[in-house]
Amino acid sequence: PIIKKLAEKLKKEQNWKIFAFNELISYSDKNFYLEGPEVFLSLINNASCVLANSFHAVAFSIIFKKDLAVFNRSDKINTRMRDLLQSVGLDHLLLLNEEMAMKYELDTLDFNEVQQKLDIHLERSKNFLKEALTKII
């Protein structure tokens with residue numbers, strides 16, 4: 001319900017369309033449930049803003065530098081989203097309730113700062129893989 005409220009608010013304010021990937025979302029203008037990953041990535045890449053409760057939607061929104069609002073989930077999978085957001089300084093995007101969602105503002109992200117943090121993590125990952133592969137050979 002919180003995602004729906006924010007989506008409809010942004011649709012009205014920005015004159016946007018709502019696209020969804022979940023068969024249960026009836027309020028979208030178009031639903032891409034069962035479409036392939038190329039459609040998923042294309043829509044995120046071309047979105048003005050992404051409202052997500054999925055790790056992959058969050059990760060690709062960061063990669064594509066999109067305005068993003070992330071909605072808390074109660075299951076354990078949510079830790080991946082929280083950890084990712086925290087690691088690049090975007091943990092404030094995790095909306096825990098309706099009050100936080102209604103205060104959400106567009107165009108507040110500094111993607112230069114996010115990219116610097118992301119680059120550090122990417123370099124660490126590359127170094128780890130290089131060391132691990134060197135030990136195997």
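The figures that follow rest on heavy atoms only: side chains count, while hydrogens, waters and symmetry mates do not. Index from 1, following the sequence. Here the structure is a predicted model, which means the values were calculated and not measured.
- Shown here for Ile44 and Ala57, the closest heavy-atom pair between the two residues is CD1-CA, 3.8 Å.
- Pairing each heavy atom of Ile62 with each of Phe111, the nearest pair is O-CE2, 4.2 Å.
- Between Leu6 and Ala101 the shortest heavy-atom distance is CD1-O, 3.5 Å.
- Ser125 contributes a side-chain N or O that, together with a main-chain N or O of His121, makes up a donor-acceptor pair within less than 3.5 Å.
- At a threshold of 4.5 Å between non-hydrogen side-chain atoms, the residues Lys11 and Lys17 do not count as touching.
- Sorted by first and then second residue, the ring-ring contact (aromatic ring centres under 6.0 Å, His included) pairs with a member in residues 1-23 read Phe19-Phe32, Phe21-Phe40; sequence neighbours excluded.
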Next item on the list: Could you walk me through whether Met100 and Leu93 pass the side-chain contact (heavy atoms from CB on, under 4.5 Å) test, one step at a time?
Entry: CA-CA 9 Å; Met100 291 176 76; Leu93 295 179; over 6 Å; no
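- In this structure, Leu85 is not a member of the same hydrophobic cluster as Ile120, with clusters built from ILVMFWY side-chain heavy atoms closer than 4.5 Å.
- Atom-to-atom distance recorded for Asp119:CG and Lys117:NZ is 12.5 Å, nearest 0.5 angstrom.
- Atom CG of residue Leu133 and atom NZ of residue Lys130 lie 10.5 Å apart, to the nearest 0.5 angstrom.
- Glu105 CD: 12 or fewer foreign heavy atoms inside a 6.0 Å radius.
- Grouped by direct or indirect side-chain proximity (heavy atoms under 4.5 Å, Ile/Leu/Val/Met/Phe/Trp/Tyr only), Leu34 sits with Tyr33.
- Nearest heavy atoms, Leu84 versus Ala59: CD2-CA, 3.7 Å.
- Looking only at side-chain heavy atoms (C-beta outward), Leu68 and Cys49 stay at 4.5 Å or farther from each other.
- A heavy-atom distance below 4.5 Å is not found between the side chains of Leu95 and Val70.
- Between the NZ atom of Lys9 and the CG atom of Leu51 there is a distance of 11.0 Å, given to the nearest 0.5 Å.
- Contact detail for Asn31 and Ala20: the closest heavy-atom pair is OD1-O, 3.3 Å.
- Residue pairs that meet the side-chain hydrogen bond (donor to acceptor under 3.5 Å, both in side chains) test with at least one member in residues 60-72, sequence neighbours left out, are Lys65-Gln115, Asn72-Asn78.
- A salt bridge does not link Glu8 to Lys12: none of the charged side-chain nitrogens sits closer than 4.0 Å to a carboxylate oxygen.
- For Asn45 (side chain) and Leu41 (main-chain N/O), no donor-acceptor pair under 3.5 Å exists by modelled atom type.
- Listed for the Tyr27 side chain is no donor-acceptor partner under 3.5 Å among the backbone atoms of Lys5.
- Within the 4.5 Å cutoff, the side chain of Val39 has heavy atoms near those of the Leu43 side chain.
- The backbone N or O of Ile18 sits less than 3.5 Å from a side-chain atom of Asp29, completing a donor-acceptor pair.
- Taking CD1 of Ile2 as the reference point, atom CE of Met102 lies at 8.5 Å (rounded to 0.5 Å).
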